[in-house]
Amino acid sequence: MTPVEHVVAIGRVLDSLGIAWVLGGSLASSIVGEPRSTMGVDIAVRMEAERVASFVDAVRDDYYVDESMVNDAVLRCGSFNLIHSTTGMKIDLFALGDDVLDVRQLNRRELVEVDVGVSIWVGAADDQVLRKLRWFRMGGEVSERQWRDVVSILRVQGSRISVPELLAVAGPLGLAGLVERVVLDAFGDPEDQNRDVH
């Protein structure tokens, strides 16, 4: 199974249980930015504690899953993983809380067709920019891969991402400076690109 096929399979389980979800991470940025080889699958979920047992029962035939880890992740808004029993593929799931980016990630997710008649929920491009910049900052601002992902999303999406709107959200999150830097990296001098980054 490809990473996207895993997303489709797990997404169907989540949908059947009424659990809201959205693809994030490098696979999502490859969909809205420049495609690159990635084996990582990150899925964000809004899972209530009472849904945990049903979810575990629904996936355990195909994936190894530790129910106690799922419960702990849901309680603490942390993460847990599924390991595919045949291929060993690891899927990371993140339990969302009430953080601004968590709420935006689900409220603004987009249904993207990945095959004929097959669609998955993917984070909106501008929300992916903000999320990746937060991870970049939390990692000490040294991850070239995270930075390149953000630059590629901005370049591919172009005018579909409003830089002033991005800055308006980034400001209260303390990310405005990073947004300005990455926009300059993606497009050069904003005056030359007719873009207002201030």
Side-chain angles (χ1 to χ4, degrees), residues 1-15 17 19-47 51-52 55-56 58-59 62-66 69-84 87-114 118-140 142-154 156-157 173 175:
M1 290 175 69
T2 67
V4 170
E5 287 172 335
H6 283 287
V7 175
V8 172
I10 295 167
R12 284 176 177 155
V13 170
L14 294 167
D15 287 338
L17 296 173
I19 299 170
W21 65 279
V22 59
L23 178 67
S26 57
L27 186 55
S29 64
S30 291
I31 291 173
V32 302
E34 293 176 357
R36 68 174 173 85
S37 176
T38 177
M39 289 301 290
V41 176
D42 298 333
I43 299 173
V45 296
R46 172 82 65 188
M47 190 181 300
R51 301 291 178 90
V52 170
F55 172 75
V56 169
V59 299
D62 297 311
Y63 298 89
Y64 169 77
V65 56
D66 184 327
M69 287 184 64
V70 182
N71 276 309
D72 186 64
V74 168
L75 180 66
R76 302 175 185 277
C77 296
S79 64
F80 64 94
N81 54 57
L82 307 178
I83 308 294
H84 191 242
T87 64
M89 176 79 181
K90 181 168 76 77
I91 292 87
D92 294 310
L93 289 95
F94 298 82
L96 297 176
D98 296 323
D99 175 82
V100 171
L101 291 185
D102 287 358
V103 173
R104 284 176 62 92
Q105 196 169 3
L106 280 182
N107 288 350
R108 304 178 71 252
R109 61 186 179 160
E110 299 170 351
L111 205 53
V112 175
E113 189 172 65
V114 292
V118 180
S119 298
I120 60 175
W121 289 109
V122 177
D126 50 351
D127 291 334
Q128 288 193 47
V129 165
L130 293 169
R131 177 71 75 183
K132 282 187 167 290
L133 288 178
R134 176 182 274 180
W135 281 113
F136 178 74
R137 169 150 294 164
M138 291 171 62
V142 296
S143 174
E144 292 183 9
R145 186 181 67 179
Q146 292 276 15
W147 191 260
R148 284 197 310 270
D149 282 348
V150 177
V151 168
S152 75
I153 291 171
L154 289 171
V156 169
Q157 294 295 317
L173 298 172
L175 299 174

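Positions are given from 1 along the sequence.
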- Note on the structure: Tightest non-hydrogen contact, residues Leu130 and Leu175, listed as O-CD1, 3.7 Å

- Derivation of the side-chain contact (heavy atoms from CB on, under 4.5 Å) call for His6 and Met89: CA-CA 9 Å; His6 283 287; Met89 176 79 181; 3.7 Å; yes

- Query: Taking side chain as C-beta onward, heavy atoms only, is Leu23 less than 4.5 Å from Ile31?
  - Reply: yes

- Query: Is a side-chain N or O of Gln157 found less than 3.5 angstrom from the main chain of Val32, in a donor-acceptor match?
  - Reply: yes

- Task: Decide yes or no for Arg12 and Val8: does some side-chain heavy atom of the first lie under 4.5 Å from some side-chain heavy atom of the second?
- Result: yes

- Message: Tell me whether Glu113 at atom CD has more than 12 heavy atoms from other residues, nucleotides or ligands lying less than 6.0 Å away.
- Response: yes

- Message: For a quick test of reading the model, state the closest non-hydrogen atom pair linking Gly97 to Asp102 and the distance between them.
- Response: N-OD2, 2.9 Å

- Is Arg137 close to Leu173 at the side-chain level, that is, under 4.5 Å between some pair of heavy atoms? no

- Message: Under 4.0 Å between a side-chain nitrogen and a carboxylate oxygen: does that hold for Asp42 and Arg131?
- Response: no

- Looking only at heavy atoms, which two atoms of Gly33 and Val156 are closest? And how far apart? C-CG2, 3.6 Å

- Query: Hey, what do you get for CG (Asp66) to CG (Leu82), rounding to the nearest 0.5 Å?
  - Reply: 11.0 Å

- Task: Please report the C-alpha distance between Trp121 and Val112 in whole Å, then the side-chain angles of each, then the deciding distance to 0.1 Å, and finally whether the side-chain contact (heavy atoms from CB on, under 4.5 Å) criterion is met.
- Result: CA-CA 6 Å; Trp121 289 109; Val112 175; over 6 Å; no

- Message: For Phe136, is there any backbone N or O sitting under 3.5 Å from a side-chain donor or acceptor partner on Gln146?
- Response: no

- Query: Does a side-chain heavy-atom distance below 4.5 Å link Gln128 with Val122?
  - Reply: yes

- Verdict with supporting geometry, Val114 and Val7, side-chain contact (heavy atoms from CB on, under 4.5 Å): CA-CA 10 Å; Val114 292; Val7 175; over 6 Å; no

- Note on the structure: Closest non-hydrogen atoms of Phe94 and Ser79, given as atom of the first, atom of the second and distance, are CD2-CB, 3.6 Å

- Message: To the nearest 0.5 Å, what is the distance between CD on Gln105 and CG on Leu96?
- Response: 5.5 Å

- Query: With a cut-off of 6.0 Å (strictly less than), are more than 12 heavy atoms of other residues, nucleotides or ligands near CZ of Arg108?
  - Reply: yes

- Can you tell me how far CG of Asp127 sits from CD1 of Ile153, rounded to the nearest 0.5 angstrom? 10.5 Å

- Task: Please examine the side chains of Val13 and Trp21, heavy atoms only from C-beta on, and report whether any two atoms are closer than 4.5 Å.
- Result: no

- Task: Return the minimal non-hydrogen interatomic distance between Ala9 and Met1, and the atom names on each side.
- Result: CB-CE, 4.2 Å

- Less than 4.5 Å apart, any side-chain heavy atom of Met47 and any of Phe80? yes

- Contact summary for Val74 and Ala95, nearest pair of heavy atoms: CA-CB, 3.9 Å

- Query: When Ile43 is tested against each of Ile10, Ile120, Leu27, Asp92 for side chain to side chain contact (heavy atoms under 4.5 Å, CB included), which residue passes?
  - Reply: Ile10

- Test side chain to side chain contact (heavy atoms under 4.5 Å, CB included) applied to Val65 and Asn81, Leu93, Val70, the passing residue: Val70

- Heavy-atom side-chain contact between Met138 and Trp135 under 4.5 Å: yes

- Message: Between Arg46 (side chain only) and Leu106 (backbone N and O only), is there a donor and an acceptor less than 3.5 Å apart?
- Response: no

- Nearest 0.5 Å, what's the CG-OG1 distance between Asp62 and Thr87? 10.0 Å

